[in-house]
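Handing you this structure, nothing more for now.
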Amino acid sequence: MNKKLICLVLSLTMICVSSLAFAAPSKTTSDMTSVKSTSSSSSRVLGAGDGLVIEAIALTKDAAAELATISAFAAAKTGPVIDYFGGVKEQAVALLPQGFDATKLVMNELISVSVSGYEASMGDVSALFTFATSYKAGTQLIVLVGYKTGNTVTWVPLRGVVENGGVKVFFTKEVLTKINGQQVMVAVLSEDTSAK
């Protein structure tokens with residue numbers, strides 16, 4: 001009888017230990033999103049010594065709320081996702097090749113990004129983001145940066161291109177001056193290439 005009790009205790013201990021071994025958290029979008037490099041408009045690669053930090057961070061409360069609002073808009077099927085950004089829709093569409101149907105864009109990414117250490121002397125800056133989604137070369141896309149002004153989110157469209165499966169975002173001097181020292185949202189709207 002004593003032997004059976006010991007076997008039972010050992011079995012239960014093994015079950016507990018093995019379940020803990022597999023209890024590691026799964027990867028999240030923020031774990032799989034990173035900024036690989038930044039460079040100034042003079043094509044100089046910016047490093048840690050330059051002070052500029054553009055980094056993906058865990059989704060903020062504001063970004064989560066905005067994502068929920070965009071998701072509800074998409075679920076209601078009241079129009080294509082580009083219509084959600086109506087105030088800057090024309091500016092965003094102007095970044096796409098002429099004749100491209102912007103109603104075919106889908107939103108694959110909405111992340112939180114922290115920006116700090118920007119100086120006007122750096123000019124325009126590009127940053128290469130990698131995501132869980134690997135983008136195909138030639139995929140048409142636009143990037144929108146959102147920041148809070150009071151209780152609303154102001155969206156600014158920026159040019160983006162696919163590079164090595166990631167998205168190279170071209171931040172203008174004006175946008176970086178506005179968002180420096182803030183946590184902002186970055187949304188990527190791209191053509192749906194799953195059917196290609």
Side-chain angles (χ1 to χ4, degrees), residues 28-35 38 41 51-96 100-120 122-133 135 139-161 166-192:
T28 63
T29 300
S30 61
D31 293 333
M32 300 173 76
T33 303
S34 65
V35 180
T38 54
S41 52
L52 175 63
V53 177
I54 299 174
E55 66 179 338
I57 59 174
L59 202 63
T60 64
K61 184 178 168 184
D62 288 338
E66 190 70 5
L67 179 58
T69 304
I70 295 169
S71 297
F73 176 87
K77 299 185 189 243
T78 55
V81 72
I82 190 71
D83 287 351
Y84 179 82
F85 305 95
V88 293
K89 179 180 174 180
E90 286 184 26
Q91 291 172 293
V93 171
L95 297 171
L96 295 165
F100 182 83
D101 184 1
T103 65
K104 303 294 185 209
L105 293 172
V106 295
M107 188 175 81
N108 290 322
E109 316 289 347
L110 191 141
I111 61 169
S112 293
V113 172
S114 174
V115 180
S116 62
Y118 177 75
E119 296 176 12
M122 295 174 181
D124 296 345
V125 172
S126 62
L128 179 61
F129 288 78
T130 59
F131 299 99
T133 304
Y135 290 88
T139 300
Q140 298 301 323
L141 54 83
I142 52 175
V143 177
L144 293 120
V145 172
Y147 57 92
K148 289 282 279 199
T149 34
N151 290 327
T152 61
V153 176
T154 299
W155 289 100
V156 179
L158 298 173
R159 190 167 66 92
V161 295
V167 176
K168 189 174 204 174
V169 180
F170 296 89
F171 291 92
T172 63
K173 179 179 181 177
E174 295 76 23
V175 169
L176 284 167
T177 301
K178 180 80 74 179
I179 66 175
N180 189 39
Q182 293 190 49
Q183 294 177 342
V184 299
M185 294 166 248
V186 173
V188 178
L189 275 60
S190 65
E191 65 180 309
D192 184 2

How close do Ser190 and Leu141 get, heavy atom to heavy atom, and via which atoms? CB-CB, 3.7 Å

List for me each residue that meets side-chain hydrogen bond (donor to acceptor under 3.5 Å, both in side chains) alongside Thr133, sequence neighbours excluded, and say none if there are none. Glu109

Roughly how far apart are Thr60 OG1 and Ile111 CD1, rounded to 0.5 Å? 11.0 Å

From the list Val125, Val145, Asp124, side chain to side chain contact (heavy atoms under 4.5 Å, CB included) partner of Leu176 resolves to Val125

Kindly indicate whether the side chain of Leu96, heavy atoms from C-beta on, has any atom under 4.5 Å from the side chain of Leu105. yes

Please set out all donor-acceptor pairs under 3.5 angstrom arising from side-chain atoms of residues 180-189, sequence neighbours excluded.
from   : atom 1 : to     : atom 2 : distance (Å)
Asn180 : OD1    : Gly117 : N      : 3.2
Asn180 : OD1    : Tyr118 : N      : 3.1
Asn180 : ND2    : Tyr118 : O      : 3.4
Gln182 : NE2    : Lys178 : O      : 2.8

So, for Ala63 and Ser112, which heavy atoms are closest and what is the spacing to 0.1 Å? CB-OG, 3.3 Å

Return the CD1 to CD distance between Ile142 and Glu191, rounded to the nearest 0.5 Å. 12.0 Å

OG/Ser116 to CD1/Ile54 distance, rounded to the nearest 0.5 angstrom? 9.0 Å

Determine the minimum heavy-atom distance between Ser114 and Ile57, stating which atoms define it. CB-CG2, 3.9 Å

Under 4.5 Å between any side-chain heavy atoms of Phe131 and Val167, yes or no? yes

Evaluate side chain to side chain contact (heavy atoms under 4.5 Å, CB included) for Val113 paired with Phe129, printing each intermediate quantity in order. CA-CA 11 Å; Val113 172; Phe129 288 78; 3.8 Å; yes

Judged by modelled atom types alone, do Thr149 and Thr154 share a side-chain donor-acceptor pair under 3.5 Å? yes

Output side-chain donor-acceptor pairs under 3.5 Å for residues 75-91, partner residues at least two apart or in another chain, one line each.
from  : atom 1 : to    : atom 2 : distance (Å)
Asp83 : OD1    : Lys89 : NZ     : 2.6
Tyr84 : OH     : Glu66 : OE2    : 2.6

Got Tyr135 and Asn108 here, is their nearest side-chain heavy-atom distance under 4.5 Å? yes

Could you give the distance from CZ (Arg159) to CZ (Phe171), rounded to the nearest 0.5 Å? 13.0 Å

